[in-house]
K.L.:
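Sharing a structure, written as structure tokens. Questions coming.
The model shown is predicted, which means the values in this text are computed figures rather than measured ones. Note: hydrogens, waters and symmetry copies are ignored here, and every other heavy atom, side chains too, is used. Heads up: numbering here begins at 1 and tracks the sequence.
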Amino acid sequence: MSYHYLLDLALILLSTKLLGIVTGKFQMPRVVGALIAGLILGPAVLNVLTETQFLSQLSELGVIVILFTAGMGTDLRELRNAGKAGFLVALCGVVVPMLMGTGFGWIAGKAGWLPGNTMLENVFLGTVLTATSVSITVETLKELGHLDTKVGSTILAAALLDDVLGLVVLTVVASAAGDGNSLLLVLLKIVLFFVFAIVVTFAGIKLFRFAISCAQQKNLRRYPVFAFVLCLILAYSAEEFFGVADIIGAFVAGLIVACTPKADYIHSKFEPLSYLLLTPVFFAGIGIKVELPELNAGMIAFSLLLLAVAILSKVVGCGFGARLCGFNGAESIQVGTGMACRGEVALIVANRGLSMGVLGQAMMTPIVITVVGCAVLTPVLLKLVFANKPKPSEVENNLSHRYKRSEHLEQVSDELLQKPKQ
């Protein structure tokens with residue numbers, strides 16, 4: 001058995017911490033430092049670290065915990081109010097990048113940058129740009145103190161819905177390319193997942209509240225374990241049985257825990273795990289995955305233009321959707337910027353196109369550069385667009401949490417008082 005993974009972890013944790021401090025000195029989110037650390041240590045620069053199965057699985061666990069903690073810290077009233085806006089933002093955030101990506105591919109083909117490209121390849125390029133990576137945005141908004149706000153809740157709702165809409169678009173395009181997958185089956189699985197999530201939510205809330213009402217104060221340590229088990233089961237079920245991203249299942253588990261009186265306690269136990277290990281490994285893992293081949297001037301120019309189209313399409317599309325829902329100009333730009341990040345979903349779509357023979361190998365390099373560029377630039381852009389917006393005070397946050405918890409405690413006490421009467 002090799003113990004080299006211990007050295008890999010030590011290098012990742014040390015480099016992400018040091019570069020996080022450096023980026024913090026420049027008033028940039030620390031997430032940027034973690035991403036740069038992965039790029040420097042990975043094959044793209046020093047080639048000290050390479051992707052292993054252990055790091056890959058630990059990174060996946062990291063993004064699951066990030067969304068789980070985001071669900072626990074979500075203001076449910078804000079999220080409920082953001083439902084309609086989130087759907088419209090997600091819809092515009094899929095349609096506009098799809099059209100702009102397809103159009104950019106067509107123009108690049110006519111200009112001779114992509115010789116021999118087909119219309120189906122252009123459409124697949126547009127499909128790649130529809131994907132949104134919520135994990136980096138969530139961590140950045142949490143660091144900036146704007147996750148539990150109207151804009152933050154809308155971004156969160158839209159990004160999660162974006163995954164579902166992107167899955168539908170991918171299925172349609174892949175079916176057109178002849179992979180044989182049934183769109184009806186995909187839609188049925190998505191509907192069944194949401195039915196499953198609703199049932200599990202109601203059952204999970206009642207089970208947690210019953211367990212809390214029966215348990216003694218000295219048994220508090222068992223709740224984080226039960227909560228994490230619920231998170232892992234829902235994440236597994238979403239991916240394995242319904243073909244939906246595991247992070248959506250993890251977020252649903254977080255919402256279930258948020259509805260219980262012990263949510264603050266459980267949330268506090270997961271913060272050290274996320275901060276000390278899983279979050280640094282996940283963000284460094286994004287950079288470690290990057291492998292850049294030889295680049296010529298034309299490929300670099302095309303990659304930079306594709307990166308600009310990727311960011312602009314989300315800012316315009318999602319910002320327009322937010323504007324239709326009553327957000328002012330500054331808030332619309334904030335929502336659009338928060339949706340601009342791409343991640344592993346875009347790479348999965350690109351690999352799918354490559355395996356089907358729809359995307360050429362030459363297209364993979366610009367897509368990788370675009371994903372990495374969006375991952376690094378989105379936290380910086382979020383810092384800029386939120387620069388003039390005051391950070392919610394700790395007093396307001398404490399009052400909000402106390403108000404929410406008092407409501408939950410009142411509900412539990414009412415249920416306990418009603419039981420003897422029944």
K.L.:
State which residues pass ring pair (Phe, Tyr, Trp, His ring centres under 6.0 Å) with Phe87; sequence neighbours excluded, sorted by chain then number.
P.N.:
none
K.L.:
List for me each residue that meets ring pair (Phe, Tyr, Trp, His ring centres under 6.0 Å) alongside Phe283, sequence neighbours excluded, and say none if there are none.
P.N.:
none
K.L.:
Just jot down the side-chain contact (heavy atoms from CB on, under 4.5 Å) partners of Leu312, sequence neighbours excluded, or say none.
P.N.:
Met100, Val316
K.L.:
For residues 318-330, run the donor-acceptor check on the side chains, cut-off 3.5 Å, and write out each pair with its distance to 0.1 Å, sequence neighbours left out.
P.N.:
residue: Arg323; atom: NH1; partner: Phe327; partner atom: O; Å: 3.0
residue: Asn328; atom: OD1; partner: Ala330; partner atom: N; Å: 3.2
residue: Asn328; atom: OD1; partner: Glu331; partner atom: N; Å: 2.8

K.L.:
The criterion is side-chain contact (heavy atoms from CB on, under 4.5 Å); which residues satisfy it with Leu305, sequence neighbours excluded?
P.N.:
Phe104, Trp113
K.L.:
Roughly how far, to the nearest 0.5 Å, is CG of Leu185 from NZ of Lys189?
P.N.:
5.0 Å
K.L.:
Quick check for you: to the nearest 0.5 Å, what is the distance between Leu9 atom CG and Leu14 atom CG?
P.N.:
12.5 Å
K.L.:
So, do Ile311 and Leu377 sit near enough that their side-chain heavy atoms are less than 4.5 Å apart?
P.N.:
yes
K.L.:
With the side chain counted from C-beta on, respond yes when His146 and Val151 share a heavy-atom pair under 4.5 Å apart, and no when they do not.
P.N.:
no
K.L.:
Hey, can you pull the donor-acceptor pairs under 3.5 Å for the side chains in residues 224-240, sequence neighbours left out?
P.N.:
residue: Ser237; atom: OG; partner: Ile233; partner atom: O; Å: 2.8
residue: Glu239; atom: OE1; partner: Asp246; partner atom: N; Å: 3.0

K.L.:
Over all heavy atoms of both residues, which pair between Ala310 and Leu129 is shortest? Give the atoms and the distance, please.
P.N.:
CB-CD2, 3.9 Å
K.L.:
Measure across Ile155 and Leu141 and return the closest heavy-atom pair with its distance rounded to 0.1 Å.
P.N.:
CD1-CD1, 4.0 Å
K.L.:
Side-chain contact test, heavy atoms from C-beta onward, threshold under 4.5 Å: evaluate it for Ile288 versus Ile12 and give yes or no.
P.N.:
yes
K.L.:
Mind jotting down which residue pairs meet the salt bridge (charged side-chain N to carboxylate O under 4.0 Å, His left out) criterion with at least one end in residues 33-47? Sequence neighbours excluded, please.
P.N.:
none
K.L.:
Any non-hydrogen side-chain atom of Thr260 less than 4.5 Å from a side-chain atom of Val257?
P.N.:
yes
K.L.:
What is the distance from atom CG of Leu41 to atom CG of Leu46, rounded to the nearest 0.5 Å?
P.N.:
6.5 Å
K.L.:
Could you tell me which residues satisfy side-chain contact (heavy atoms from CB on, under 4.5 Å) with Leu99, sequence neighbours excluded, listed by chain and number?
P.N.:
Val95
K.L.:
Step by step, work out the side-chain contact (heavy atoms from CB on, under 4.5 Å) result for Leu147 and Glu139.
P.N.:
CA-CA 8 Å; Leu147 180 59; Glu139 197 65 24; over 6 Å; no
K.L.:
To the nearest 0.5 Å, how far apart are CG in Leu255 and CZ in Phe68?
P.N.:
10.0 Å
K.L.:
If you count every heavy atom of other residues, nucleotides or ligands that lies below 6.0 Å from Phe241 atom CZ, does the total exceed 12?
P.N.:
yes
K.L.:
Tell me every residue that passes side chain to side chain donor-acceptor pair (under 3.5 Å) with Thr279, counting only those two or more places apart in sequence or in another chain.
P.N.:
Ser274
K.L.:
Ignoring hydrogens and angles, tell me if any N or O in the side chain of Lys314 forms a donor-acceptor pair with the backbone of Thr130 under 3.5 Å.
P.N.:
yes
K.L.:
Would you say Ile248 and Phe193 make side-chain contact, with heavy atoms under 4.5 Å?
P.N.:
yes
K.L.:
List for me each residue that meets side-chain contact (heavy atoms from CB on, under 4.5 Å) alongside Pro366, sequence neighbours excluded, and say none if there are none.
P.N.:
Met299, Phe302, Ser303, Leu306
K.L.:
Do the non-hydrogen side-chain atoms of Thr69 and Met72 ever get within less than 4.5 Å of each other?
P.N.:
yes
K.L.:
Could you report the tightest heavy-atom contact between Ala37 and Ser15, atom names first, then the distance?
P.N.:
CB-OG, 3.7 Å
K.L.:
Enumerate, atom names and distances included, each donor-acceptor pair closer than 3.5 Å involving a side-chain atom of residues 48-59, sequence neighbours excluded.
P.N.:
residue: Thr52; atom: OG1; partner: Leu55; partner atom: N; Å: 3.2
residue: Ser59; atom: OG; partner: Leu55; partner atom: O; Å: 2.7
residue: Ser59; atom: OG; partner: Val281; partner atom: O; Å: 3.4

K.L.:
List the atom of Thr132, the atom of Asp162, and the distance in Å for their closest heavy-atom pair.
P.N.:
N-OD1, 3.3 Å
K.L.:
Lys17: what forms a side chain to side chain donor-acceptor pair (under 3.5 Å) with it, not counting sequence neighbours?
P.N.:
Tyr275
K.L.:
So which heavy atom on Cys374 is nearest to which on Cys341, and how close?
P.N.:
O-SG, 4.0 Å
K.L.:
Could you state the interatomic distance from CG (Leu381) to NZ (Lys383), rounded to the nearest 0.5 Å?
P.N.:
13.0 Å
K.L.:
Please assess Leu278 against Ile64 for the test side-chain contact (heavy atoms from CB on, under 4.5 Å), listing each intermediate value before the final yes or no.
P.N.:
CA-CA 9 Å; Leu278 297 179; Ile64 287 172; over 6 Å; no
K.L.:
Does a side-chain heavy-atom distance below 4.5 Å link Leu307 with Ile369?
P.N.:
no
K.L.:
Which heavy atom of Leu276 sits nearest to which heavy atom of Leu13, and what is that distance?
P.N.:
O-CD2, 3.3 Å
K.L.:
Can you list the steps and then say if Tyr265 with Tyr223 is a ring pair (Phe, Tyr, Trp, His ring centres under 6.0 Å)?
P.N.:
CA-CA 9 Å; Tyr265 173 78; Tyr223 300 130; 7.3 Å; no
K.L.:
Can you measure from CG (Leu120) to OG1 (Thr102) and round to the nearest 0.5 angstrom?
P.N.:
10.0 Å
